[in-house]
**Q** 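The structure is given below, and queries will be raised subsequently.
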Amino acid sequence: MKVYNTANRKKEEFNSINKGIVNMYVCGPTTYNLIHIGNARPLVVFDAFRNYLTSLGYQVNYIQNFTDVDDKIINKAKDEGIGPLELAAKYIAEYTKDAESLRVKKATFHPKVSENIDEIIEFIANLISKGFAYEIDGDVYFDVKNYKPYGKLSGKNTDDLKAGARVNVDDKKTSPLDFALWKNVKEGEINWISPWGKGRPGWHIECSTMSMKYTNSPTLDIHGGGQDLIFPHHENEVAQSEAYTGAPFVKYWMHNGFITVNKEKMSKSLGNFFLVREILEKFSGEVIRYFLLSTHYRNPIDFNDGALLESEKSLTKLMTGYSNLEKLLNDSTENQEDILLEEFKQIEEKIEKALQDDFNTALAFSYFFDGSKIITRAINENKYSKEGVERAYNIFNKYLVDILAVLPFEKIESKEDDSSDSEVFKKVMDILVNVRNTARKDKNFAYGDLIRNELAKLDIDIIDTKEGSTWKRK
RNA sequence: GGCGACGUGGCCAAGUGGCUAAGGCAGAGGUCUGCAAAACCUCCAUCCCCGGUUCAAAUCCGGGCGUCGCCUCCA
């Protein structure tokens, strides 16, 4: 399998450090709000990738942190008049609901900053003793000038960075590039006792500390996250970790591309973000998941209502193929010929090839559309055997149900139908449908069409099927 | 200013040296159904521009134009 490694900016053959085991860390959310679709992307991408690694036989130790100590949490908690950890706990619970809706499985570990303070303090103390960090007035900063390779991950050199750095007047650090490992307590803030007085951890240190603690290893196989974390977050993680252990921190860095809205980056600061919770009112989690996986994970995706609608239609097509297979499972017809066995053998090979090539889920999906076509052809031409059906069904289950986890799914029907229409209205509609069907039975189609056309003007569709006629709002 | 990504049919999106440039959406034609809807079948691009390398380039190199991102909390 090949994986694109941000550290070298090329695809590399993937080999885990310890045979059969993959230690994988993905930066999780800061829990002060409901997650938005941009947060959902790494969640879904790396969840699916973890599933894929598992299917290859790896035992995946998957770690995703919750940042529950942070300025944004502290500020919001103050506004709401509750403790910061209480606020974080609330949003961790909300996060879990959204993750489940998106079919994201739990990580092996979900460590929280607040539960790893001792380890963080120890980590920082070690950096100070090695000369990679210094304390000033209760703050501790990482000393970038003492760590020569700084910038190697993000491809920046320290001279350029210094030239472009903004000077923060409040900072006591000696270089603008230095970053906080420990922050001295401010009046009324949550804090812990440390050798440098009361305070709390800086942002970057948690990931280094917790990844080592929960893998029991200085080097991760895979570290994932959004591209915007490359600098400074991941750069700083590398610096502090390698300064601490002397060993490489990460073997493969994987970064997902952004979600854009109207071609502009979606971000909290721009305010143009969409909450997963809101989207789930209109589209099922599987549709969102499909949307996120239908583009290669490193490319940007533009988010809009139309895109999700398109994803829903596409996924419906795959669902039709899957449903057809389920019907065939109970079919005892004995056919002379079978095309499924051979076709799906080839399809599985192509899917594996796609996923082996830097997890190309977009390409993998396309083969399932081909597969769905072949299933209908097999049905139409009576060319399916029990074995062939089972094989196809297993492949659908393996990839679309288990790994990519976009099937089965149900469309979210617009809720307005049920909630806003009165009982009287529904009864009147039933009468109209009955009147129309009576006319149709009498072959008075002109009269029936009149009713349907008039209703269409009110954005109400009448749909005739073998089982009867139904109506729905457009 | 420094670093980086990208530019493929109406829209979305794979493909990074070589069979007829995947797939989805939309559109067109058809099968089916009283008609319509749904479903199914068929059709629909030479890859931003210019130059170069090569027997051969969307794919490599150089230049240009354009879009976007990082350099500041952010997935």
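Note on naming: letters A, B, ... go to the chains in the order of the sequence lines (proteins, then strands), and numbering restarts at 1 for each one.
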**Q** With heavy atoms under 4.0 Å as the rule, sort A:Gly448 into base, sugar-phosphate or nothing.
**A** nothing
**Q** Rounded to whole angstrom, note down the P distance from B:rC6 over to B:rC61.
**A** 11 Å
**Q** Let's test this: given Watson-Crick or G-U wobble pairing with both distances under 3.5 Å, identify the partner of B:rU42.
**A** B:rA28
**Q** Of the candidate nucleotides B:rG24, B:rA14, B:rA75, which contains the atom at the shortest distance from the side chain of A:Asn360?
**A** B:rA14
**Q** When the P atoms of B:rU53 and B:rA13 are considered, how many whole Å apart are they?
**A** 34 Å
**Q** Counting side-chain heavy atoms from CB outward, which of B:rA14, B:rC71, B:rC40 is closest to A:Phe231?
**A** B:rC71
**Q** Which part of the nucleic acid, if any, lies within contact of A:His36, taking any heavy atom under 4.0 Å across all strands shown: a base, the sugar-phosphate backbone alone, or nothing?
**A**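 Result for A:His36 = base.
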**Q** Looking at the side chain of A:Met266, which of B:rC12, B:rA75, B:rC35 is the nearest nucleotide?
**A** B:rA75
**Q** Heavy atoms under 4.0 Å, any strand shown: does A:Arg452 hit a base, just sugar-phosphate, or nothing?
**A** base
**Q** Work out how far the C1' atom of B:rG17 is from that of B:rU46, and round it to whole angstrom.
**A** 15 Å
**Q** Going by an N to O cut-off under 4.0 Å, is there a salt bridge joining A:Lys145 and A:Asp178?
**A** no
**Q** Can you tell me, in whole Å, how much space there is between the P of B:rA22 and that of B:rG30?
**A** 26 Å
**Q** Between B:rG27 and B:rU8, how many Å separate the two P atoms, rounded to a whole number?
**A** 22 Å
**Q** Would A:Asp71 and A:Lys183 pass as an ion pair if we require N to O under 4.0 Å?
**A** yes
**Q** According to the Watson-Crick and G-U wobble definitions, with both distances under 3.5 Å, which nucleotide is paired to B:rG4?
**A**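 B:rG4 is paired, partner B:rC68.
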**Q** Record whether the side chain of A:Asn299 comes under 3.5 Å of the base of B:rC6 through a donor-acceptor pair of N or O atoms.
**A** no
**Q** Atom NZ of A:Lys265 and atom P of B:rG69: how far apart are they, to the nearest Å?
**A** 8 Å
**Q** If you look at every strand shown and take non-hydrogen atoms under 4.0 Å, does A:Lys443 touch a base, only sugar-phosphate, or nothing?
**A** nothing
**Q** Which value, in whole Å, describes the distance between the C1' atoms of nucleotides B:rC44 and B:rG9?
**A** 8 Å
**Q** May I ask you to test the A:His223-A:Val26 pair for a side-chain heavy-atom distance under 4.5 Å?
**A** no
**Q** Are A:Phe303 and A:Phe274 an aromatic pair by the rule of ring centers under 6.0 Å?
**A** yes
**Q** Mark yes or no for a side-chain to base donor-acceptor pair under 3.5 Å between A:Asp228 and B:rG69, with no hydrogen or angle criteria applied.
**A** no
**Q** Would you measure the distance from the C1' atom in B:rG15 across to the matching atom in B:rA45 and give it in whole Å?
**A**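 One C1' to the other, the span is 14 Å.
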**Q** Counting only Watson-Crick pairs (N1-N3 plus N6-O4 or O6-N4) and G-U wobbles (N1-O2, O6-N3), all under 3.5 Å, who is the partner of B:rU59?
**A** none
**Q** Assign A:Ile259 to base, sugar-phosphate, or nothing according to its heavy-atom contacts below 4.0 angstrom with the strands shown.
**A** base
**Q** Which of these, A:Phe109, A:Phe46, A:Tyr25, sits in a side chain to side chain contact (heavy atoms under 4.5 Å, CB included) with A:Tyr62?
**A**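 In the set A:Phe109, A:Phe46, A:Tyr25, the residue that makes a side chain to side chain contact (heavy atoms under 4.5 Å, CB included) with A:Tyr62 is A:Phe46.
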**Q** To the side chain of A:Asp464, which of B:rC25, B:rC73, B:rA36 is closest?
**A** B:rA36
**Q** Paired with B:rU33 by Watson-Crick or G-U wobble geometry, both distances under 3.5 Å: which nucleotide is it?
**A** none
**Q** For A:Phe369 and B:rG23, say yes or no: do the ring centres fall under 5.5 Å of each other while the ring planes differ by less than 30°?
**A** no
**Q** Quiz question: going by heavy-atom distance under 3.5 Å, is there a donor-acceptor pair between the base of B:rG4 and the side chain of A:Arg9?
**A** no
**Q** Under 4.0 Å, heavy atoms only, any strand: does A:Asp71 hit a base, just the sugar-phosphate, or nothing?
**A** nothing
**Q** Over all strands shown, is A:Leu363 touching base, sugar-phosphate only, or nothing at heavy-atom distances under 4.0 angstrom?
**A**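 Since a base atom lies under 4.0 Å of A:Leu363, the category is base.
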**Q** Should A:Asp357 and A:Lys11 count as an ion pair when the cut-off is N to O under 4.0 Å?
**A**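 Salt bridge between A:Asp357 and A:Lys11, a charged N being under 4.0 Å from a carboxylate O: yes.
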**Q** So if I take every side-chain heavy atom of A:Leu229 and compare against B:rA75, B:rC40, B:rC25, which nucleotide ends up nearest?
**A** B:rA75
**Q** For A:Tyr297 and A:Asp358, does a side-chain donor sit closer than 3.5 Å to a side-chain acceptor?
**A**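 Present: a donor and an acceptor within the cut-off.
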**Q** Which is true for A:Lys313 with a 4.0 Å heavy-atom rule: it touches a base, it touches only sugar-phosphate, or it touches nothing?
**A** sugar-phosphate
**Q** Could you let me know what B:rG9 is paired to, Watson-Crick or G-U wobble, both distances under 3.5 Å, or none if it's on its own?
**A**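 Partner of B:rG9: none.
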**Q** Any N or O donor-acceptor pair linking the side chain of A:Gln227 to the base of B:rG69 at under 3.5 Å?
**A**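 Flag unset: no donor-acceptor pair detected.
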**Q** Base, sugar-phosphate, or nothing: which does A:Arg440 touch, judged by heavy atoms less than 4.0 Å apart?
**A** base
**Q** Quick one: which of B:rA75, B:rA13, B:rG23 gets closest to the side chain of A:Ser366?
**A** B:rG23
**Q** Given B:rA22, B:rA26, B:rA75, identify the nucleotide with an atom nearest to the side chain of A:Asp370.
**A** B:rA22
**Q** Does A:Tyr367 reach a base, just sugar-phosphate, or nothing at all? Heavy atoms under 4.0 Å.
**A** nothing
**Q** Taking B:rA28 as the reference, what is the distance to B:rC71 when you measure between their C1' atoms (whole Å, please)?
**A** 50 Å
